[in-house]
Amino acid sequence: MSDKKVVQSLCRMCDDHCGINVYIENEKVVDIDGYKPHYWNKGRICVKGRAGVDMIYAEDRILKPLKRTETGWEEIELEQALDEIAEKMKELKENYGARSMSIWKGEAIGFAQQEEMARRFIHAFGSPNYFSNDSECFVGRWIGYSLVAGTWPAQPDFENSNCIVIWGANPPMAHPNMTQSIMKAKENGAKIIVIDTRLSAIARQADVFAQIRPGTDGALAHGIMRYLINNNEIDNEFVKDYTLGFEKLKDYVQKFTPEYVEEQTEVPKETLLEIAKLISRRKPNVVNYVGNGLEHHQNGINNIRAVGCIDGLIGAFDVKGGNFMPEGFGLRELTLYEEIPLRHLDPIGADKFPVLYDFRQECHTMTAMNTILTEDPYPLKGMIIAGANPVLTNPNSEKVIKALESLELLVVRDLFMSESAQLAHYVLPAASYLERSELHCHGGYQIVGLTERVFTIPQVQDEYQFLHDLAHRLEIGDYFPWKNEDELNEWLVEPTGVSLEEIKACPQGYRYKPIRYKKYKEKPFKTPSGKVEFASKYLKDYGYEELPEYIPPAYKTNPKKEYPFTLITGARKLVYYHGRNRNFKRFRTAIPSPEIELHPQDAEKLGVTDKDIVKVTSTIGSIEIPVNVVSETEILPGVTQITHGWKEANVNLITHDDKFDPIDGFPLMKSVQVKIEKK
């Protein structure tokens with residue numbers, strides 16, 4: 001007689017935290033589907049969520065610690081691996097100082113409590129060098145909006161919106177459940193506006209589609225603001241009482257005439273006016289949602305700030321149907337930045353990109369590669385990578401490989417033997433999301449959930465247990481006193497007055513606070529002035545322009561004849577998540593190989609058709625890749641797109657680690673000048 005049960009938990013195949021049912025038979029997970037009562041996904045689940053079973057039982061999953069030897073990989077016992085890693089860390093600390101050691105958090109094993117634990121661990125060790133994928137994804141939006149309003153409203157009130165403006169995002173591919181909320185709003189009469197270089201899946205659903213040249217979104221945003229200001233279609237009361245720098249912004253946007261905006265963006269002036277009028281008629285219940293498409297440019301932060309300023313002009317912050325600003329649950333802080341700040345130890349990149357460090361205490365991963373290779377400003381000799389694969393995801397992959405190979409200690413924790421893990425001295429098996437218990441807050445609904453540990457595998461540790469055991473070997477165990485994740489979770493929730501039992505009893509999500517709007521009337525915005533800042537004194541004090549000035553991308557101001565194409569990278573594919581899931585047979589069957597998207601005119605000039613191989617070259621390097629000739633409406637002539645995450649044609653072999661946004665240090669990855677040649 002078989003033993004069957006169903007456990008409710010949260011999916012972590014991406015960052016949407018969807019409620020799921022996990023079906024277990026004879027102590028083995030046999031299926032996963034959506035949990036209908038959950039506030040967020042209401043039973044919906046995407047193909048990645050269903051593939052959680054594929055992940056945990058994949059034939060190539062790492063289940064034993066591995067040590068590199070002269071003859072290859074050797075399986076060793078976990079205790080031996082931890083002992084040897086700890087001894088090597090002590091040696092590095094003795095020889096070079098504590099800051100020679102670092103930790104790098106990725107997404108493959110989660111990025112909620114895992115991130116906070118990694119930050120805690122490295123500061124307890126005495127090093128300020130915490131790295132993560134966030135210094136080239138997400139944090140650009142977070143900082144850009146935070147400079148304007150104190151936070152990034154990452155979970156807007158889509159369902160109640162009258163007008164949704166999607167800037168450089170494609171939710172059907174990246175966040176399917178978010179798409180359902182957008183479509184529900186459309187069914188209720190909301191207008192959907194999409195601004196993108198590609199005719200994406202969400203663009204096909206739009207009432208207005210503005211097909212824009214890469215990196216010119218700021219010009220369009222300023223043009224919208226010019227219309228709103230000059231036609232007095234702003235929320236004058238909100239602007240007067242809750243904003244700073246309006247007069248300066250008003251003067252600045254005057255040059256963004258419809259004609260100038262069209263020249264910069266190639267968006268017809270009629271489309272600009274249509275967008276501006278829709279926003280003005282439907283304010284303040286307007287969502288401006290900024291996606292990853294705006295981050296990877298040399299002018300990314302100010303383009304994002306400009307979009308945030310639109311919200312300020314129309315009073316769309318923290319209103320129903322606008323950019324809702326959630327209240328926190330009140331968990332204890334796991335990081336040690338108050339207790340052991342370590343800023344005096346020169347965190348890597350903090351001198352070059354102080355805004356990144358001020359806002360996020362995040363070190364700069366591209367600068368880390370240079371530091372490893374040059375030992376400037378000091379030696380960086382050791383690194384623990386948890387669920388990240390910078391060989392595929394960071395720009396200038398050749399430099400990344402060279403840097404990681406130069407380390408005296410590289411430890412990688414992952415579920416699979418990634419390209420980065422192949423360079424490691426030790427590879428440790430990491431726990432999947434079904435093998436740990438952690439707290440998850442969903443700000444859009446102001447709910448908290450607790451994931452269920454469904455099973456355990458010998459020699460496979462969750463992230464807390466790994467850091468706990470290593471910390472105690474390094475004599476910093478006082479900072480990791482909890483016996484296991486359950487004790488840690490109890491400590492985290494204690495100040496809230498809510499017990500773990502209460503949270504666990506609500507698999508649909510425990511609502512910790514009712515939704516409230518316009519909280520700024522009783523509590524200031526989290527900016528230095530307490531107001532929405534159209535002009536930032538904070539940036540001015542660092543020597544940056546105080547207004548979100550639009551700087552045209554380099555391919556427009558300094559075009560290189562040898563590199564006539566503009567490459568954007570990173571368009572999402574539904575079944576893949578950055579560099580992950582390509583080892584799942586069902587997904588490789590659906591999308592078997594990388595490709596470069598070409599406009600038909602460009603394909604004709606190059607003399608290529610579908611499946612032909614072309615060589616794509618930038619000043620960084622070259623790759624060879626098959627062609628996909630898309631329809632003439634899907635992409636602009638002269639613009640091409642390659643999705644990242646393929647080892648067979650790693651686009652980050654040709655992306656820039658030497659060209660950055662000056663404020664947050666994000667690399668140029670979406671307006672790269674390249675040449676394309678038929679092979």
Which one of Arg282, Arg281, Lys277, Lys283 satisfies the salt bridge (charged side-chain N to carboxylate O under 4.0 Å, His left out) criterion with Glu233? Lys283
Specify the closest pair of heavy atoms between Gly144 and Arg305, including all atoms of both residues, with the distance to one decimal. O-CG, 3.4 Å
May I ask you to test the Pro528-Glu533 pair for a side-chain heavy-atom distance under 4.5 Å? yes
Stepwise side chain to side chain contact (heavy atoms under 4.5 Å, CB included) test for Ile314 and Asp235: CA-CA 5 Å; Ile314 62 175; Asp235 185 330; 5.5 Å; no
Listed once per pair and sorted, the side chain to side chain donor-acceptor pair (under 3.5 Å) pairs that draw on residues 213-226, sequence neighbours left out: Arg213-Glu266
N-O pairing of Glu522 and Arg516 below 4.0 Å: yes
Side chain to side chain contact (heavy atoms under 4.5 Å, CB included) between Phe329 and Lys513, worked out: CA-CA 8 Å; Phe329 180 38; Lys513 284 184 181 178; over 6 Å; no
Ring-plane angle category for His578 and His644, please: parallel below 30°, perpendicular beyond 60°, tilted otherwise. tilted
Ring-face cation contact, Tyr337 with Arg119, 6.0 Å cut, 45° max: no
Salt-bridge contact Asp241-Lys521 (side-chain N to carboxylate O under 4.0 Å): no
Between Trp142 and Phe359, does a side chain to side chain contact (heavy atoms under 4.5 Å, CB included) hold up when you go through it step by step? CA-CA 9 Å; Trp142 195 93; Phe359 274 77; 3.6 Å; yes
Can you name the one residue among Glu263, Glu259, Glu274, Glu262 that meets salt bridge (charged side-chain N to carboxylate O under 4.0 Å, His left out) with Lys269? Glu259
Hey, is Lys540 close enough to Glu545 for a salt bridge, meaning N to O under 4.0 Å? no
Fit a plane to each ring of Phe353 and His364, take the angle between them on a 0 to 90° scale, and name the class: parallel (under 30°), tilted (30 to 60°) or perpendicular (over 60°). tilted
So for atom CD, which belongs to Glu632, do other residues, nucleotides or ligands contribute more than 12 heavy atoms lying within a distance under 6.0 Å? no
Shortest non-hydrogen contact from Leu278 toward Val208: CD1-CG2, 3.8 Å
Heavy atoms of other groups near Lys526 NZ, more than 12 under 6.0 Å: no
Surrounding NZ of Lys518 (heavy atoms of other residues, nucleotides or ligands, distance under 6.0 Å), is the total greater than 12? no
Any side-chain heavy atom of Ile551 sitting closer than 4.5 Å to one from Gln298? no
Does anything in residues 164-173 pair up under side chain to side chain donor-acceptor pair (under 3.5 Å), and if so which pairs, sequence neighbours excluded? Trp167-Asn288
Salt bridge Lys537-Glu546, side-chain N to carboxylate O under 4.0 Å: no
Check the orientation of Phe256 and Tyr260. Use parallel for under 30°, tilted for 30 to 60°, and perpendicular for over 60°. perpendicular
For residues Asn394 and Asn652, determine if any side-chain heavy atom of one lies less than 4.5 Å from a side-chain heavy atom of the other. no
Contacts of Glu295 that satisfy salt bridge (Lys or Arg N to Asp or Glu O under 4.0 Å) - sequence neighbours left out: Arg141
So Asn396 and Met369, do their side chains get closer than 4.5 Å, heavy atoms only? no
Contact summary for Ala190 and Ser161, nearest pair of heavy atoms: CB-O, 3.2 Å
Mind running side chain to side chain contact (heavy atoms under 4.5 Å, CB included) on Asp318 and Phe324 for me, showing each step along the way? CA-CA 4 Å; Asp318 208 26; Phe324 174 62; 3.4 Å; yes
Do you know which of Tyr520, Phe246, Phe317 makes ring-ring contact (aromatic ring centres under 6.0 Å, His included) with Phe238? Tyr520
Filter on side chain to side chain donor-acceptor pair (under 3.5 Å), then keep only pairs touching residues 195-204, sequence neighbours left out; what's left? Arg198-Glu597
Residues 166-194 vs salt bridge (charged side-chain N to carboxylate O under 4.0 Å, His left out), sequence neighbours excluded, gives Glu159-Lys184
Does a donor on one side chain sit under 3.5 Å from an acceptor on the other, for His297 and Asn299? no
Could you check if a side-chain atom of Ile596 sits within less than 4.5 angstrom of a side-chain atom of Val616, using non-hydrogen atoms only? yes
Results of salt bridge (Lys or Arg N to Asp or Glu O under 4.0 Å) for Glu116 - residues two or more places apart only: none
Exceeds 12 heavy-atom contacts within 6.0 angstrom, atom NZ of Lys659: yes
